[in-house]
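All residue numbers in this chain count up from 1 along the given sequence. What you see below is based on every heavy atom in this structure, not just the backbone, and it leaves out hydrogens, waters and symmetry mates. Counting convention: from 1, in listed order, for ligands and their atoms alike. Bear in mind the structure is a predicted one, so any value in this text is a computation, not a measurement.
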Amino acid sequence: AAAQRTLVLVKPDGVGRGLTGEVLRRIEAKGYRLVALDMREATTELLEQHYAEHLGKPFYGPLVEFMMSGPVVALVVEGHEVIAGFRSLAGTTDPTSAAPGTIRGDLGRAWGTAVVQNLVHGSDSPESAAREIGLWFPAL
Ligand code: DAT
Ligand code: MG
């Protein structure tokens, strides 16, 4: 089957804690291929589009503020069923309950930090992936 692509972000907590390499290691160890990689300071405009589905939710403001608190590492990752596969590597949204073995479960939120500080983003569907890759990497 044709390889799928997903947009992954190492969020400011992941970059700030020096976990970019660990996230990349897990992606590459699984066998996925890195198609694009760039360290960015996200803008409000970009995040408004990236997180449009969450506009109006109680965590929207804190989420956007957190995403602008430091640089992010944006990636396009390719592989068989990588959209679901990366979300499986990432674990569930709240690191407190994310399973051991996952990025969020192994590395996240041991000291009462907010749920927004969950280290990584991964697209949740082929439609989201196409939209998000277009936002972060318009040249791809
Ligand atoms: P995911 O990143 O697992 O796809 P999401 O798309 O539902 O989760 O939410 C986007 C981000 O917003 C998520 O990574 C962390 C934050 N978030 C989600 N639900 C939250 C909640 N109930 N309280 C605080 N932050 C939340
Ligand atoms: Mg999501």
Side-chain angles (χ1 to χ4, degrees):
Q4 202 176 52
R5 288 182 174 188
T6 192
L7 182 88
V8 170
L9 301 175
V10 184
K11 296 183 179 183
D13 56 336
V15 175
R17 289 177 55 205
L19 294 171
T20 306
E22 173 66 16
V23 172
L24 294 177
R25 188 192 66 75
R26 288 172 183 234
I27 291 168
E28 291 194 304
K30 173 87 175 177
Y32 295 137
R33 191 171 78 88
L34 304 180
V35 175
L37 184 156
D38 192 29
M39 182 177 268
R40 296 276 174 82
E41 305 271 354
T43 62
T44 333
E45 294 72 31
L46 177 58
L47 292 168
E48 273 172 9
Q49 296 184 70
H50 178 80
Y51 283 128
E53 65 173 311
H54 297 304
L55 186 64
K57 294 181 185 172
F59 59 83
Y60 180 81
L63 174 62
V64 168
E65 191 176 354
F66 161 64
M67 291 297 288
M68 294 177 65
S69 66
V72 303
V73 171
L75 310 160
V76 176
V77 182
E78 188 174 73
H80 176 70
E81 298 291 346
V82 68
I83 294 170
F86 178 77
R87 288 179 67 87
S88 172
L89 287 186
T92 52
T93 303
D94 184 348
T96 297
S97 47
T102 66
I103 292 167
R104 289 163 170 171
D106 286 349
L107 307 172
R109 204 174 178 228
W111 295 97
T113 49
V115 176
V116 292
Q117 292 173 252
N118 64 359
L119 296 163
V120 290
H121 166 84
S123 308
D124 65 7
S125 66
E127 296 69 31
S128 302
R131 192 178 67 81
E132 293 171 2
I133 291 168
L135 281 174
W136 289 85
F137 293 96
L140 279 184

Checklist entry - Between R131 and Q49, is there a donor-acceptor pair closer than 3.5 Å when you use the side chain of the first and the backbone of the second? => result yes
Checklist entry - Counting N and O atoms only, with roles assigned by atom type, does the side chain of N118 sit under 3.5 Å from a partner on the main chain of T93, one being a donor and the other an acceptor? => result yes
Next on the checklist: Name the residue from V116, L9, T43 that meets the side-chain contact (heavy atoms from CB on, under 4.5 Å) definition with M67.
Outcome noted: L9
Item to check | Residues that E78 engages under salt bridge (charged side-chain N to carboxylate O under 4.0 Å, His left out), provided they are two or more places apart | outcome: R5, R33
So what's ligand 1 close to, N/O to N/O, under 3.5 Å?
unit_1, atom_1, unit_2, atom_2, d
ligand 1, 2 (O), R104, NH2, 3.2
ligand 1, 3 (O), T93, OG1, 2.6
ligand 1, 3 (O), R104, NH1, 3.2
ligand 1, 4 (O), R87, NH1, 2.9
ligand 1, 4 (O), R87, NH2, 3.3
ligand 1, 6 (O), H54, NE2, 2.9
ligand 1, 8 (O), T93, OG1, 3.3
ligand 1, 9 (O), H54, NE2, 3.3
ligand 1, 14 (O), K11, NZ, 2.9
ligand 1, 14 (O), N118, ND2, 2.8

Item to check | Atom of T102, atom of S88 and distance for their closest heavy-atom approach | outcome: CG2-O, 3.6 Å
Checklist entry - Are any of the side-chain nitrogens in K11 or D13 under 4.0 Å away from the carboxylate oxygens of its partner? => result no
